[in-house]
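Below is one structure, written out as structure tokens, with a few remarks after it.
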Amino acid sequence: MTRWTRRRFGAAAGAAALAGIAAPSMAAAAARLVIIGGGPAGATVARYLSRASSKCQVTLVEAEPRYHTCFFSNLYLSGLRSFESLSHGYDALQAKHGVTIVHDKVTAIDATARRISLASGGGLDYDRLVVAPGIAFRWNAIEGLDEAASQAVPHAWRGGAQMQLLRRQLEAMDDGGLFLMSIPPDPIRCPPGPYERVSMVACYFKREKPKSKILVLDSKNSFPKQELFQDAWNRLYPGVVEWLPIDFHGGVKSVDAVARNVAVANETFTYSVANVIPPHSAGTLALEVGLADDKGWCPVDPATLESKLVPGIHVVGDAIVPGEMPKSAFAANSQAKVCAMAIDALLGARDPYEARFFNTCWSFVGIDDAVKVGASYRIVEGKIKAVEKFISKVGESAETRKQGARQAEAWYAAISADAFG
Amino acid sequence: MAIRISLACSLMAAFAAAAVPAMADGAVAAYLAGTCSTCHHPSDKSAAMPALAGRDATELIATLQAYRTGARQDAVMHAVAGSLTDAETAEVAAYFAHQEPAQ
């Protein structure tokens with residue numbers, strides 16, 4: 001990688017501070033922008049920075065050769081979509097958009113020296129760093145559920161191997177079995193996602209294993225799009241889904257992967273296949289380098305997505321404290337564009353444009369039957385607030401729901417291209 | 001319409017001149033258009049989320065206004081259209097109108 005003359009931005013992040021840097025030397029060198037994490041958040045930042053008006057060199061650091069989306073994976077679990085269709089590489093970002101792709105693991109960030117260290121031994125200097133670390137799981141929050149146990153009791157709350165494991169278990173399950181799902185407390189990635197999963201597994205059972213049942217142990221007493229999901233479960237899968245709120249069962253206490261038991265306060269359930277999603281925190285890297293607060297999430301200035309804890313580092317996606325936005329790929333993609341725009345503005349010593357955010361979460365409740373929830377957002381008194389919210393309604397026509405499904409599929413294609421090129 | 005847009009633009013320019021320079025017009029349009037690109041694939045020929053590149057700017061402005069007033073019904077597009085000022089709507093429309101349609 002080319003080394004530019006050592007030149008750093010002032011510690012203060014404001015445009016006025018940046019404007020003080022001598023103009024001729026700024027014009028001469030490209031700013032070194034490094035993005036860590038190649039999910040929808042990080043990839044979108046890389047792609048949008050690659051076409052920034054400021055002169056810059058964009059590098060994306062990602063350990064894995066391909067990214068498998070968690071969004072739309074419930075369709076794969078249901079047998080309605082191939083695993084390959086959820087897999088995205090980084091070639092286009094490099095070839096079409098000039099982003100340097102470094103497949104490596106980040107071992108340390110030196111925010112003072114503005115340098116990251118890589119597992120392979122090298123390092124990268126940066127002028128601005130964007131970290132998109134996704135989520136980590138709080139292992140052992142449930143007794144018996146550590147990372148090793150997730151090889152028997154998958155979380156399947158990240159794309160890839162965990163999703164394939166759960167699919168294999170569902171395929172191997174005898175008809176008449178019990179699929180047990182445990183849903184963690186907020187904040188979680190993709191808040192309606194667990195209930196879409198219930199719907200899509202029920203859809204699979206209806207076709208392939210009609211005597212099977214689903215038991216849902218929720219850490220909440222209510223959930224997003226609840227009326228819409230429960231209407232669909234009664235309408236499409238009567239008698240299949242039993243959803244128990246935390247006030248009813250008292251919380252999941254332990255998992256025994258050998259005996260195939262999940263224990264709540266006063267009862268133990270024996271399952272055929274279990275999907276226990278652990279509580280979340282910001283991704284491990286964010287925790288290690290001090291980007292997360294005592295609750296385990298990353299506070300940011302929503303106007304620029306710059307960390308409130310470590311100046312010069314921006315954080316985007318599921319790891320941040322997002323105000324009223326949910327943790328979703330759509331939200332991550334939206335935050336990424338604000339972040340890229342703000343970095344471009346800061347590099348040019350200009351004021352960032354007023355941030356706008358948007359989100360829509362489509363959920364499939366059946367074949368050709370998708371519902372949505374979403375909102376537009378702005379920053380109000382330093383926090384991201386919803387401006388206009390919308391949600392599907394119970395009793396919508398089959399045609400409306402089918403249109404929702406087509407829109408969701410079109411969105412998947414679009415956001416994938418928007419992030420990965 | 002055109003008068004309102006140019007008035008809004010000159011007001012924006014006047015405010016911007018007083019403080020730190022505002023972002024370049026092209027950068028703002030590209031940023032705002034990013035909201036559309038999350039759902040509209042550049043080469044989608046389906047009716048669900050039609051491609052926007054190369055579409056007539058006047059048509060795009062009229063469509064966004066119809067979503068905003070409710071003359072065209074769609075909850076998502078109502079929220080999108082409502083999040084843009086008239087000047088921003090014109091910028092986004094011009095941005096897509098100037099793009100080459102994908103094959």
Side-chain angles (χ1 to χ4, degrees), chain A residues 14-16 18-19 40 44 48 51-54 329-330 333-334 336-338 340-342 344-345 348-360 362 372-378 386-393 403-419, chain B residues 8-9 12-13 15-53 64 67-68 70 72-85 87-89 91-92 95-96 99 102:
Chain A
L18 290 170
T44 303
Y48 275 70
R51 59 182 210 191
S53 55
S54 309
F330 199 130
N333 173 269
S334 179
K337 288 168 191 170
V338 172
M341 176 273 290
D344 188 17
R350 293 163 182 266
D351 265 345
Y353 198 73
E354 184 198 358
R356 313 290 168 82
F357 301 93
F358 206 88
N359 179 65
T360 307
W362 283 272
K372 62 181 174 252
V373 63
S376 59
Y377 302 84
R378 281 188 192 228
V387 176
E388 182 178 336
K389 300 181 189 179
F390 53 86
I391 186 165
S392 298
K393 293 176 182 63
Q403 194 186 14
R406 296 294 86 79
Q407 287 176 344
E409 288 156 1
W411 165 78
Y412 186 88
I415 192 174
S416 301
D418 200 38
Chain B
C9 288
M12 282 161 59
F15 280 123
V20 179
M23 293 182 67
D25 287 348
V28 171
Y31 162 64
L32 293 170
T35 299
C36 313
S37 307
T38 310
C39 295
H40 291 266
H41 190 281
S43 62
D44 192 345
K45 302 286 192 288
S46 74
M49 305 281 196
L52 301 173
L64 281 163
Y67 280 124
R68 201 199 297 174
R72 272 184 84 161
Q73 294 274 319
D74 185 276
V76 180
M77 285 310 301
H78 186 267
V80 171
S83 74
L84 298 170
T85 64
E88 289 169 344
T89 301
E91 288 226 34
V92 169
Y95 175 86
F96 283 113
Q99 282 192 329

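As a basis for the values below, the full set of heavy atoms in this structure was taken, side chains included, without hydrogen atoms, waters or symmetry mates. We name chains A, B, ... by the order of the sequence lines, and we start the count at 1 in each one.
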- Query: At a heavy-atom separation under 4.5 Å, does Lys389(A) approach chain B through its side chain, its backbone, both, or neither?
  - Reply: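 When you check distances to chain B, no heavy atom of Lys389(A) falls under 4.5 Å.
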- Relative to chain B, which segment of Gln403(A) carries a heavy atom at a distance below 4.5 Å: side chain, backbone, both, or neither? neither
- Query: Heavy atoms, side chains only, cut-off 4.5 Å: are Glu88(B) and Tyr353(A) in contact?
  - Reply: yes
- Query: Do Asn333(A) and Lys337(A) have side chains that get closer than 4.5 Å, going by heavy atoms?
  - Reply: yes
- Query: Between Ala30(B) and chain A, which part of the residue has a heavy atom less than 4.5 Å away: side chain, backbone, both or neither?
  - Reply: both
- Task: Establish, for the pair Arg51(A) and Tyr48(A), whether the NZ or CZ atom is under 6.0 angstrom from the six-membered ring centre and no further than 45 degrees off its axis.
- Result: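 Yes.
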- Message: Which residue in the set Thr360(A), Ile391(A), Asn359(A) passes side chain to side chain contact (heavy atoms under 4.5 Å, CB included) when paired with Val373(A)?
- Response: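 It is Ile391(A), the one option of Thr360(A), Ile391(A), Asn359(A) that forms the side chain to side chain contact (heavy atoms under 4.5 Å, CB included) with Val373(A).
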- Leading residue by heavy atom contact count with chain B [cutoff under 4.5 Å; candidates Phe357(A), Phe358(A), Phe330(A)]: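 The candidate making the most pairs under 4.5 Å is Phe358(A).
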- Task: Output the option from Val80(B), Asp44(B), Thr35(B) having the highest count of non-hydrogen pairs under 4.5 Å with chain A.
- Result: Val80(B)
- How are the rings of Trp411(A) and Trp362(A) set to each other: parallel, tilted or perpendicular (split at 30° and 60°)? tilted
